[in-house]
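See structure below.
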2 protein chains.
Amino acid sequence: MGYDSADIAARLQAARKTKGLSQRELSDLAGVPQAQISRIEAGTVDLRLSSLVALAHALDLELTLVPRKAVPAVRSLSREAVSANRKDIVAVQKEMQRISETMRGLQIKTPNLDGLQQLQKSFSDLQRFRVPTLDLDGLKQLRQSMEQISRPAKEMAALSQSIKLMQAVRNKAAHGPLPDTGDSPSRPAYSLDEDDDA
Amino acid sequence: MGYDSADIAARLQAARKTKGLSQRELSDLAGVPQAQISRIEAGTVDLRLSSLVALAHALDLELTLVPRKAVPAVRSLSREAVSANRKDIVAVQKEMQRISETMRGLQIKTPNLDGLQQLQKSFSDLQRFRVPTLDLDGLKQLRQSMEQISRPAKEMAALSQSIKLMQAVRNKAAHGPLPDTGDSPSRPAYSLDEDDDA
DNA sequence: AGGTTTGATGTCTTTAACTGCATCGCAATC
DNA sequence: GATTGCGATGCAGTTAAAGACATCAAACCT
């Protein structure tokens with residue numbers, strides 16, 4: 001337990017998920033038993049430093065001690081490194097791949113379904129976005145919806161739902177925070193404010 | 001043992017020292033036994049996260065997980081926060097205090113000693129400098145020398161030596177790296193270099 | 001529906017951190 | 001020379017993480 005410890009646990013889990021790793025995969029990677037990882041992420045154990053470092057290392061993270069006053073700066077710096085870029089590139093790519101396959105499947109199974117073309121067009125549109133801009137959860141939701149389309153008697157509802165979801169993802173990608181090409185430092189929010197205590 | 005763990009231990013010790021804390025003081029502050037702190041700093045134990053967090057907290061540090069690629073930036077950021085400012089303010093203050101007391105002692109014991117006035121003048125001069133600019137080791141050396149002055153038959157040698165040392169400290173403070181008032185961000189060395197792997 | 005994966009939990013043994021206390025050597029101070 | 005404060009070390013007892021299993025329920029995919 002503890003203010004900080006919970007943070008650490010949460011960050012470990014977040015890092016694992018955005019890397020698309022299961023607890024077992026991470027287990028193999030870090031040499032820490034899956035059961036232990038589960039307990040750690042749940043925050044029910046007071047883990048050893050060696051375990052923490054092993055996990056962090058496997059997740060391309062480093063454990064650092066930073067001065068209190070530098071914490072906000074470091075936070076924004078870390079955020080920039082993970083969210084603006086990288087995020088869950090692999091996971092998103094994978095999801096897009098699967099959606100693409102689902103799309104293909106639909107075109108074979110129900111080629112003459114009204115609106116399928118529109119969906120296809122939207123998808124082609126979506127594929128032009130740079131990976132990091134896409135929302136993983138939105139994509140997952142979308143795929144789930146798309147798979148409903150092959151269900152008899154639900155085609156139309158599922159189809160229009162899918163189109164809606166896809167446009168939602170598209171809009172989010174278009175208007176969301178832009179990681180863009182040359183990541184402009186966007187004003188250095190990281191600067192140590194002088195407090196001169198003591 | 002471990003690549004990272006040693007780092008952590010070292011940083012803990014460094015933080016403690018620059019704060020001018022003894023292991024026992026830190027022990028009281030963090031609630032971790034002195035013996036344990038010793039072992040931790042020596043790197044002979046694989047400490048628990050709770051201990052680490054307790055110590056970090058007591059030292060005004062926070063444990064954070066930062067992405068590999070952001071590590072250099074974070075490092076320079078932390079360095080800036082500790083070294084440019086703060087350094088070992090407390091220790092320097094303490095040392096200055098003790099020198100002041102030593103000075104007073106000399107003025108009582110050997111008030112008519114030639115050159116004492118010059119030493120006093122130099123010291124007053126020194127006191128006008130901002131704390132962080134002063135060199136701790138130089139001050140320690142100085143005090144040691146000053147205490148020799150009360151030793152019979154060595155007064156003169158010790159006195160001139162003290163004057164020399166004090167001027168050395170003064171010069172270092174005057175011409176050394178200036179932590180100055182408005183710490184200029186001195187060019188943001190922290191920027192995440194794009195590598196775009198994957 | 002059946003098979004697989006994922007995360008959560010349980011049990012047992014081993015290992016080691018942790019605590020509390022005492023002590024030691026060393027340096028600095030009086 | 002005695003005292004004090006420092007860090008390091010030893011030891012006995014308690015506690016809990018680690019490791020190596022085995023399950024289990026839920027979600028997922030075919």
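Chain A is the first sequence line, chain B the second, and so forth, proteins listed ahead of strands; every chain is numbered from 1.
Atom pair A:R48:CZ and C:dA16:P shows a separation of 8 Å (rounding to whole Å applied). Residue B:R39 contributes atom CZ, which lies 11 Å from atom C1' of C:dC21 at whole-angstrom precision. Between the CG atom of A:L49 and the P atom of D:dA16 there is a distance of 20 Å, rounded to whole Å. Rounded to whole Å, atom P of C:dT6 lies 10 Å from atom CG of A:L21. Protein atom CD of B:Q36 is 6 Å distant from nucleotide atom C1' of C:dC18, rounded to whole Å. When rounded to the nearest whole Å, the span between CD1 of B:I40 and P of C:dC18 equals 6 Å. Nucleotide C:dA17 holds its C1' atom 16 Å from the CG atom of A:L52, rounded to whole Å. A straight line from CG of B:L12 to P of D:dG7 spans 14 Å, rounded to a whole angstrom.
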Open item on the list: Working note: A:E25 + A:L29, criterion side-chain contact (heavy atoms from CB on, under 4.5 Å); need CA distance, chi angles, decisive distance, verdict.
Closed with: CA-CA 6 Å; A:E25 287 172 316; A:L29 224 53; over 6 Å; no
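Checking B:I37, B:L59, B:D7 one by one against B:L12, the side-chain contact (heavy atoms from CB on, under 4.5 Å) holds for a single residue, B:L59.
In this structure, B:S38 reaches the bases: a heavy-atom distance under 4.0 Å links it to at least one base atom across the strands shown. Residue-level contact check: A:Q34 touches the bases, meaning some heavy atom is under 4.0 Å from a base atom. Among the heavy atoms of the strands, none lies under 4.0 Å from A:I37. Nucleic acid contact for A:A35: base, since at least one base atom lies under 4.0 Å from a heavy atom of the residue.
Here the side chain of A:Q144 is nearest to one of C:dG7, C:dG10, D:dC28, namely D:dC28. Distances were taken from every side-chain heavy atom of B:L47 (C-beta onward) to each of C:dC18, D:dA20, D:dC11; the shortest belongs to C:dC18.
When the side-chain nitrogen and oxygen atoms of A:R16 are compared with OP1 and OP2 of C:dG7, one or more of them lie within a distance under 4.0 Å. A close approach under 4.0 Å does occur between a side-chain nitrogen or oxygen of B:R143 and OP1 or OP2 of C:dT29. OP1 or OP2 of C:dC18 sits under 4.0 Å from a side-chain N or O of B:S51.
Note on A:D60 versus A:R16: no salt bridge recorded, every NZ/NE/NH1/NH2 to OD/OE distance being 4.0 Å or above. Between B:R75 and A:E62 there is a salt bridge, with a side-chain nitrogen of the basic residue lying less than 4.0 Å from a carboxylate oxygen of the acidic one.
Between the side chain of B:T44 and the main chain of B:R39, a donor-acceptor pair closer than 3.5 Å is present.
A donor-acceptor contact under 3.5 Å is not formed by the side chain of A:Q23 with the base of C:dA8. Counting distance only, with no hydrogens placed and no angle test, the side-chain atoms of B:R24 and the base atoms of D:dG5 include no donor-acceptor pair under 3.5 Å.
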